[in-house]
Protein chains: 2
Amino acid sequence: MIQTFQKFFYQFLLLYRPFENQLNALLGKHGLYRAQWTVLYYLFNFGPATLVELASYQSVEKPTMTRTVQRLKELGYLEAVPTKDKREKRMQLTEAGVSVYQEVRLTIDAFEEKIIEGISEEEQLEAIRLMKDIQQKITKWEMEM
Amino acid sequence: MIQTFQKFFYQFLLLYRPFENQLNALLGKHGLYRAQWTVLYYLFNFGPATLVELASYQSVEKPTMTRTVQRLKELGYLEAVPTKDKREKRMQLTEAGVSVYQEVRLTIDAFEEKIIEGISEEEQLEAIRLMKDIQQKITKWEMEM
DNA sequence: TAAAATAGTTAGCCTGGGTAACCATTTCAA
DNA sequence: TTGAAATGGTTACCCAGGCTAACTATTTTA
């Protein structure tokens, strides 16, 4: 007998691929990729962050984030902000970074608005809550393992 | 101003990585990966399918699915069923495939049940409907591009 | 103050996406 | 009815973006 939660997670996986494909297609026009985009999103909305903060927030390992950040730095979208602790590198968006984010945001907005059409704000908020909840439970599970 | 739908899709991306990480960790104990697991899931629940059907359902290209299917065949979990059309290869689970699916299912169930704890069946069904809806809209968007 | 912890990097691996080009077979239209 | 187009599948090869292991530099702590 097929359980509802099994369907739920299968559908989650099914949705991911076409979403990422289209996202990358749109980002590609600006020379960006998903992994870079989520870093821009984070820095634009939450302000400066260290590599460890970014890696932990996005659930990837430090070397993965090092590479993503390096690419964004090469593109001129990121710069270091000096801190007391000489080990850490706190990063923030450059002017170019802010303006490329805002420009790309328009393209992505058009896409996201289109595909979420017909779903009320309440439902969206409810879904966000649900996803956050699951994510927290995964973190808890990881710690217990 | 940060929009609700922007948050929604960012949270979606944020949830994907830790979920896939844990899924792969559990599957790894049985020598499997996410891409293979979703094929087992499909064949177990929906019965035999051709490569094109699988690829289209999971939104990947044919060569990607060819590779995934080949690995499952090497593991002895898949076999071809003869059809009229000599071009196509319709695949189904072998006995070993069925029993490995059922065995692994237990591990995954334990994980999925734990992390969806506290979310009612109604909410889950609602979320499934929502994700299916978005997926359809992405397909529509792709066709219009 | 020496050892442990933390921030970040480099090197090298692997999964699993993709495209291009191809073969075999089937379908369709002139 | 048959030649062209469409379809199912494969091979070869490229690339993003995950990972671990091992390292350096700095800070914290016992």
Side-chain angles (χ1 to χ4, degrees), chain A residues 13-28 30-40 48-75 78-91 142, chain B residues 13-28 30-40 48-75 78-91 142:
Chain A
L13 292 177
L14 276 189
L15 176 55
Y16 183 79
R17 183 115 324 275
F19 177 69
E20 195 195 27
N21 282 351
Q22 281 311 299
L23 186 62
N24 273 331
L26 296 173
L27 292 173
H30 304 265
L32 289 171
Y33 290 94
R34 191 212 82 229
Q36 292 150 38
W37 173 247
T38 56
V39 169
L40 294 183
T50 66
L51 193 130
V52 165
E53 283 164 14
L54 287 170
S56 141
Y57 198 75
Q58 313 224 355
S59 304
V60 297
E61 297 299 322
K62 291 185 296 171
T64 304
M65 191 51 74
T66 295
R67 195 208 280 137
T68 303
V69 160
Q70 274 169 354
R71 284 180 190 162
L72 287 169
K73 234 186 294 181
E74 282 162 22
L75 292 168
L78 251 57
E79 64 192 359
V81 291
T83 58
K84 273 184 228 170
D85 192 329
K86 283 177 203 156
R87 290 170 306 177
E88 72 176 22
K89 274 190 184 169
R90 189 160 289 267
M91 312 295 306
E142 276 166 354
Chain B
L13 292 177
L14 276 190
L15 175 55
Y16 183 79
R17 183 115 325 274
F19 177 70
E20 194 195 28
N21 282 350
Q22 280 311 298
L23 187 62
N24 273 331
L26 296 173
L27 292 173
H30 305 265
L32 288 171
Y33 289 94
R34 193 211 80 229
Q36 292 151 38
W37 173 248
T38 56
V39 169
L40 294 183
T50 65
L51 193 130
V52 165
E53 282 163 15
L54 288 170
S56 140
Y57 199 75
Q58 315 225 354
S59 305
V60 297
E61 297 300 320
K62 293 185 294 171
T64 304
M65 192 50 75
T66 296
R67 194 209 281 139
T68 303
V69 160
Q70 274 170 353
R71 284 179 191 164
L72 287 169
K73 233 187 293 182
E74 282 162 21
L75 293 167
L78 251 57
E79 64 191 1
V81 293
T83 57
K84 271 185 228 170
D85 192 329
K86 283 176 203 159
R87 289 170 305 176
E88 73 176 22
K89 275 190 181 168
R90 189 160 288 266
M91 311 295 306
E142 277 165 355

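Every chain is numbered from 1, with letters handed out A, B, ... down the list of sequences.
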Just to confirm, is there a sub-4.0 Å distance from OP1 or OP2 of [N] to any side-chain nitrogen or oxygen of [X]?
X: B/Thr64; N: C/dG18; result: yes
X: B/Gln58; N: C/dG16; result: no
X: B/Thr50; N: D/dG8; result: no
X: A/Gln70; N: C/dG8; result: no

Take atom [atom1] of [X] and atom [atom2] of [N], then tell me their distance rounded to the nearest Å.
X: B/Leu54; N: C/dG16; atom1: CG; atom2: C1'; value: 16 Å
X: A/Lys89; N: C/dT9; atom1: NZ; atom2: P; value: 4 Å
X: B/Glu88; N: D/dT10; atom1: CD; atom2: P; value: 12 Å
X: A/Glu61; N: D/dA22; atom1: CD; atom2: C1'; value: 14 Å
X: B/Leu23; N: C/dG16; atom1: CG; atom2: C1'; value: 14 Å
X: A/Gln36; N: D/dC15; atom1: CD; atom2: C1'; value: 13 Å
X: B/Lys73; N: D/dT10; atom1: NZ; atom2: P; value: 6 Å
X: A/Leu51; N: D/dT26; atom1: CG; atom2: P; value: 17 Å

When we call it a touch if two heavy atoms are under 4.0 Å apart, what does [X] touch: a base, just sugar-phosphate, or nothing?
X: B/Arg67; answer: base
X: B/Glu53; answer: nothing
X: B/Asn24; answer: nothing

Could you check if a side-chain atom of B/Tyr33 sits within less than 4.5 angstrom of a side-chain atom of B/Thr68, using non-hydrogen atoms only?
no
What I'd like to find out is whether the side chain of A/Leu75 reaches to under 4.5 Å of the side chain of A/Gln36, using heavy atoms alone.
yes
Whether the side chain of A/Gln58 engages the backbone of A/Thr38 through a donor-acceptor N/O pair (distance < 3.5 Å, no angle test) should be reported.
yes
Under 3.5 Å, side chain of B/Glu88 to main-chain N/O of B/Thr83, donor-acceptor pair present?
no
Whichever of A/Lys86 and A/Glu20 has the more 5' nearest nucleotide on DNA chain D, that residue is A/Glu20
Assuming nearest nucleotide by heavy-atom distance, tell me which of B/Asp85 and A/Arg87 is located more 5' along DNA chain D.
B/Asp85
Nearest-nucleotide check on DNA chain C, A/Arg17 vs A/Val52; residue mapping nearer the 5' end is A/Val52
With rounding to the nearest 0.5 angstrom, report the CG to OG1 distance, A/Leu51 to A/Thr64.
10.0 Å
